[in-house]
Amino acid sequence: KSMRLLRAFRMYRVLKVLLAVPELMVLVKGMVGAVRSLFCTLLLVLAVVYAFAIAFRQLTLGTPLESQYFSSVPASVSKLLLSATVPDQASMIEDDMGGESVAFAIMFYCFISMTSLIALNMLLGVLVQVMSVTWSVEREKVDAEFLNSRLRALLADSVGDPDVANISDISEPMLRDMLELEGALDAMDLADINTANILEYVSVLFASGVKDLPFASVLESLWQLRRQHYATYKDIFDLRIMVSSSLAGMDDALTSVSRDVKELLRLQRGQRSE
């Protein structure tokens, strides 16, 4: 028994491997977090199996099936549970493991449930999630490349100079002319970009007073207008900065106007006194 206990401590090495690989710990934490839902699901399965076990027990009375499968309610539950969850290993669990010890059968059934039913289904869920994220990323890349090439081609056709399609910077008038071209808004709609008030957004891009902006930066800003994008803290922070700068400019303008009005009033009072 002491040797068996020492061998059991070898399982500690498995824990060390889990701690060394963060991805495995994520999966383990996911399994632990799903214990409550898994327990409720197992209860539902047991309730369904128990109900059908009673039904089969009553319906098979006096038939060959009674002595073969449904001799009692516990035997019916065991047969239905194994057939429903692990049909390929049912005979092994009942005959080999169960013939040696009930504890062996229960332990082997738990092993099959954790590996075949839980771990492999988790693997399927991870693969689906990875494929979904990969598809979204690749789709965005394709849409971004299409929008870039389409807008550059429209700009070159409108000017009549193919070299314009390779420009690195773009001015506000040129950007407005490009967005007003036939087909520009259609291309942006195909990329799922919200084109409502797009021309007003151009004024926001050049609000800092710069004459030219990098074409890639302009496309990235337009890309943030996709309908599937949600406002982030950065967007709200940028809006706060823009509003603060605008209000600061208004304060300066109002201060200047107030100074001019006071000067006019002083001059008028001086003329009246004369």
Side-chain angles (χ1 to χ4, degrees), residues 8-52 77-98 104-150 187-194 216 219-235:
F9 277 106
R10 294 181 180 178
M11 297 179 62
Y12 178 72
R13 298 177 182 176
V14 178
L15 180 60
K16 293 179 65 177
V17 173
L18 292 177
L19 294 175
V21 184
E23 290 79 3
L24 292 179
M25 286 302 300
V26 171
L27 294 177
V28 172
K29 290 180 180 179
M31 294 176 63
V32 174
V35 167
R36 180 179 175 84
S37 300
L38 180 62
F39 180 73
C40 295
T41 304
L42 290 177
L43 286 181
L44 177 61
V45 172
L46 289 176
V48 173
V49 168
Y50 184 73
F52 276 90
V77 170
S78 174
K79 180 64 66 176
L80 292 177
L81 182 62
L82 294 177
S83 300
T85 56
V86 286
D88 297 336
Q89 288 82 21
S91 60
M92 181 179 180
I93 295 175
E94 281 188 324
D95 301 334
D96 300 337
M97 297 292 178
F104 289 163
I106 296 175
M107 186 175 179
F108 187 74
Y109 179 78
C110 292
F111 165 74
I112 294 296
S113 299
M114 293 183 64
T115 55
S116 179
L117 299 181
I118 300 177
L120 292 182
N121 284 325
M122 286 182 62
L123 174 62
L124 180 61
V126 170
L127 289 176
V128 171
Q129 180 67 21
V130 171
M131 290 298 296
S132 176
V133 172
T134 303
W135 181 87
S136 300
V137 172
E138 293 299 323
R139 177 71 186 208
E140 284 198 1
K141 289 182 179 179
V142 172
D143 291 343
E145 292 176 358
F146 164 76
L147 182 63
N148 182 27
S149 59
R150 181 59 178 165
M188 297 177 70
D189 284 333
L190 289 176
D192 198 30
I193 294 178
N194 188 1
L219 283 181
E220 183 178 356
S221 299
L222 294 176
W223 193 254
Q224 299 302 319
L225 298 178
R226 298 190 76 191
R227 295 181 178 90
Q228 62 183 5
H229 288 172
Y230 298 98
T232 61
Y233 177 79
K234 179 181 180 299
D235 298 328

Which distance, rounded to the nearest 0.5 Å, do you find between the [atom1] of [X] and the [atom2] of [Y]?
| X | Y | atom1 | atom2 | value |
| --- | --- | --- | --- | --- |
| Glu140 | Trp135 | CD | CH2 | 9.5 Å |
| Leu190 | Arg150 | CG | CZ | 9.0 Å |
| Thr41 | Leu46 | OG1 | CG | 11.0 Å |
| Leu147 | Asp192 | CG | CG | 11.5 Å |

| query | Does atom CZ of Phe108 have more than 12 heavy-atom neighbours from other groups under 6.0 Å away? | reply | yes
| task | For atom CD of Gln224, decide whether the heavy atoms of other residues, nucleotides or ligands shown that lie under 6.0 angstrom number more than 12. | result | yes
| query | So, Ser136 side chain and Ser132 main chain: donor-acceptor pair closer than 3.5 Å or not? | reply | yes
| What pair of heavy atoms forms the shortest contact from Ala191 to Trp223, and how long is it? |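 For Ala191 and Trp223, the tightest heavy-atom pair comes out as CB-CZ3, 4.0 Å.
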| So, for Leu81 and Val49, which heavy atoms are closest and what is the spacing to 0.1 Å? |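 Looking at all heavy atoms of both residues, the closest pair is N-CG1, 4.0 Å.
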